[in-house]
Amino acid sequence: MDFIITKEQQRMQKAAREFLKAKYPSDFVREMEQDEKGFTTKLWRKMNELDWMALTVPEAYDGVGGGLLDLVLLLEEMGRACVLGPFFSTVVLGAFSIAEYGSETQKQAFLPKIANGKIRLTLALTEPETTRYDPMTVSTTARPHGENYRINGTKLFVQNASTADTLICAACTADQVSDKNGITLFLVDAKSSGIRMTPLKAIGGEKLYEVIFTDVDVPGDRILGRLNGGEAQLKNILDYAAICKCAEMVGGAEKVLEMAADYARERRQFGKPIGSFQSIQHHCANMLILLEGSRYITYKAAWMLENEGGDSREVAIAKAWVSDAYKKITALGHQVQGGAAFMEEHDMQLFSRRSAEAAVTFGDSAYHRNRIACSLGL
């Protein structure tokens, strides 16, 4: 197992950190939280000029041809800066899905446009009927209608749906609704007649939507992958997405530790820095222990996912661990920095809110612990 960061990857990560430090300060984060889209066209273009959208797109389709670890390193920097917008939904959920499962025609149609920043995508998966996270419970239906399929149903928590050009929609094509062996993924034009979107409030500032499909016609050649083959495809897509979300959390956790350590060195009480007190020292030490454990387990799972043909148990271990660790790190960050860190104007609340949101995205720690238990035959 080898996930040593190369000099080229180090340069890429350093350039990303410098770019985001200059272009994505915390004041801009707050502005984007209030913005309807959550990003600006100008910033999207600048990110595209850095080849971020092309990072994992194969070279044959105008991409850079980078691997999952390259993407993990970039997403760490985005997590440090609390980046909002459609990068994750387009590159992680969209580009990976098409590169992995798209036909050659679909790859030619979508991947170069993703790589050049011309289109944005997202995944429409979660159903309102589920009482807890269960991505394989799909009651949205897609029924044959002439040469097309007609989709009906409702999706919740669809990232950046209003700014997406294409929705990857999971629908049931089996006779029996919610049949896990009858899930099919469709590439749906987001401007299709019969699609209605309603914004939802999110604690972390993400732009999430309820998307209702009413008699939405989709051509048969817009099936992504195999008819009724969506369950296996989704498992792989969601494992990939979970590791990428872990990378964001690692980046955010690192920034929280830096903020807390800087404060502990500067804040004086009883005539000396509070960092000289053992309780504060142990808080910061525990934050570093949690951070390094999170980074290692994320890199390991990413390497295994890309090089060992996939390892869902390693992904589940990483997502469960990092979700809990990030919340613990932000809680300790608040403890070190005191009451001011709970104020809306303080940057700490940006990270504590995102830790709560990221922890449940693509399954919370309880969901992934259940996956781990199942892998043990329990």
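Numbers here are sequence positions counted from 1.
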Report task. Give the intermediate values and the outcome of side-chain hydrogen bond (donor to acceptor under 3.5 Å, both in side chains) for residues Q349 and E344. Result -> CA-CA 6 Å; Q349 55 83 28; E344 187 174 352; over 6 Å; no
Query raised in the report: What residues form a ring pair (Phe, Tyr, Trp, His ring centres under 6.0 Å) with H334, not counting sequence neighbours?
Result: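 Counting only residues at least two positions away or on another chain, H334 forms a ring pair (Phe, Tyr, Trp, His ring centres under 6.0 Å) with F342.
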Query raised in the report: After noting the C-alpha distance and the side-chain angles of N160 and Y209, does the key distance pass the side-chain hydrogen bond (donor to acceptor under 3.5 Å, both in side chains) rule?
Result: CA-CA 7 Å; N160 305 292; Y209 290 81; over 6 Å; no
Before accepting this row, confirm whether a basic side-chain N of the pair [X]/[Y] lies closer than 4.0 Å to the acidic partner's carboxylate O.
| X | Y | value |
| --- | --- | --- |
| R143 | D215 | no |
| K300 | E314 | yes |
| K21 | E18 | no |
| R313 | D239 | no |
| R132 | E127 | no |
| E49 | R45 | no |

Side-chain contact, heavy-atom cut-off 4.5 Å: [X] with [Y]?
| X | Y | answer |
| --- | --- | --- |
| Q9 | L74 | no |
| L167 | V211 | yes |
| N236 | Y101 | yes |
| M78 | M47 | yes |
| L200 | F157 | yes |
| D221 | T105 | no |
| C246 | V72 | no |
| F186 | I223 | yes |

Please answer whether the main-chain N or O of [Y] pairs with a side-chain N or O of [X] as donor and acceptor at a distance below 3.5 Å.
| X | Y | answer |
| --- | --- | --- |
| E210 | T154 | no |
| D35 | E31 | no |
| R30 | E345 | yes |
| N307 | M304 | no |
| E306 | L68 | yes |

Query raised in the report: For V91 and V57, what are the C-alpha separation, side-chain angles and deciding distance, and is it a side chain to side chain contact (heavy atoms under 4.5 Å, CB included)?
Result: CA-CA 8 Å; V91 174; V57 174; over 6 Å; no
Requested in this report: Kindly assign one of parallel, tilted or perpendicular to the pair F362 and F88, based on the angle between their ring planes and the thresholds 30° and 60°.
Outcome: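 If you compare the ring of F362 with that of F88, the planes turn out parallel.
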**Report entry** W52 and F19 aromatic ring geometry - parallel, tilted or perpendicular at 30°/60° bounds
**Finding:**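 Correct class here is perpendicular.
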**Report entry** Crowding at CD1, I4 (>12 non-hydrogen neighbours, <6.0 Å)
**Finding:**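 Atom CD1 in I4 is not crowded, with 12 or fewer foreign heavy atoms closer than 6.0 Å.
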Requested in this report: Kindly check if the number of other-residue, nucleotide or ligand heavy atoms within 6.0 Å of NZ (K201) is above 12?
Outcome: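 No.
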Query raised in the report: With distance as the sole criterion, is a donor-acceptor pair present between the side chains of S276 and K272 under 3.5 Å?
Result: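 No donor-acceptor contact under 3.5 Å links the two side chains.
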Query raised in the report: Knowing that exactly one of S89, C169, S162, P86 qualifies, which makes a side chain to side chain contact (heavy atoms under 4.5 Å, CB included) with T122?
Result: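 Testing each of S89, C169, S162, P86 against T122, the sole residue satisfying side chain to side chain contact (heavy atoms under 4.5 Å, CB included) is S89.
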When rounded to the nearest 0.5 angstrom, what is the spacing between [atom1] in [X] and [atom2] in [Y]?
| X | Y | atom1 | atom2 | result |
| --- | --- | --- | --- | --- |
| R369 | D364 | CZ | CG | 9.0 Å |
| Y24 | K46 | OH | NZ | 14.5 Å |
| E258 | C284 | CD | SG | 12.0 Å |
| T141 | Q176 | OG1 | CD | 13.5 Å |
| D189 | D217 | CG | CG | 12.0 Å |
| M287 | L257 | CE | CG | 5.0 Å |

Query - Lys NZ or Arg CZ of K113 over F110 ring: under 6.0 Å, within 45° - result: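 No - K113 does not lie over the ring of F110 by the 6.0 Å and 45° rule.
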Query - Axial cation check for F28 ring with K23, 6.0 Å and 45° limits - result: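 No, K23 and F28 do not form such a contact.
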According to a hydrophobic-cluster definition based on side-chain heavy atoms being under 4.5 Å apart (Ile, Leu, Val, Met, Phe, Trp, Tyr only), do [X] and [Y] belong together?
| X | Y | result |
| --- | --- | --- |
| V218 | I98 | no |
| W303 | F96 | yes |
| I5 | L55 | yes |
| Y133 | M249 | yes |
| V29 | L20 | yes |

Requested in this report: Could you go through the side chain to side chain contact (heavy atoms under 4.5 Å, CB included) check for V92 and L75 one step at a time?
Outcome: CA-CA 10 Å; V92 177; L75 287 167; 4.1 Å; yes
Restricting to non-hydrogen atoms, name the atom on [X] and the atom on [Y] that form the minimum distance, rounded to 0.1 Å.
| X | Y | result |
| --- | --- | --- |
| S139 | E129 | OG-OE1, 3.1 Å |
| G204 | E33 | O-OE2, 3.7 Å |
| I203 | A356 | CD1-CB, 4.3 Å |
| P273 | A264 | CB-O, 3.7 Å |

Query - Working for side chain to side chain contact (heavy atoms under 4.5 Å, CB included), residues L121 and I114 - result: CA-CA 8 Å; L121 290 82; I114 293 173; 3.6 Å; yes
Query raised in the report: Step by step, would you call S352 with T330 a side-chain hydrogen bond (donor to acceptor under 3.5 Å, both in side chains)?
Result: CA-CA 5 Å; S352 55; T330 55; 5.7 Å; no
Requested in this report: Using the side chain to side chain contact (heavy atoms under 4.5 Å, CB included) rule, take I317 and I297 through it: C-alpha gap first, then chi angles, then the decisive distance, then the call.
Outcome: CA-CA 8 Å; I317 291 170; I297 204 169; 3.3 Å; yes
**Report entry** Contacts of W321 that satisfy side-chain hydrogen bond (donor to acceptor under 3.5 Å, both in side chains) - sequence neighbours left out
**Finding:**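 S294.
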Query - For E254, all residues meeting side-chain hydrogen bond (donor to acceptor under 3.5 Å, both in side chains), sequence neighbours excluded - result: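 For E254, the residues satisfying side-chain hydrogen bond (donor to acceptor under 3.5 Å, both in side chains) (neighbours in sequence not counted) are R17, R80, R295.
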Report task. Mind running side-chain hydrogen bond (donor to acceptor under 3.5 Å, both in side chains) on E104 and Q108 for me, showing each step along the way? Result -> CA-CA 6 Å; E104 184 58 31; Q108 293 284 358; 3.0 Å; yes
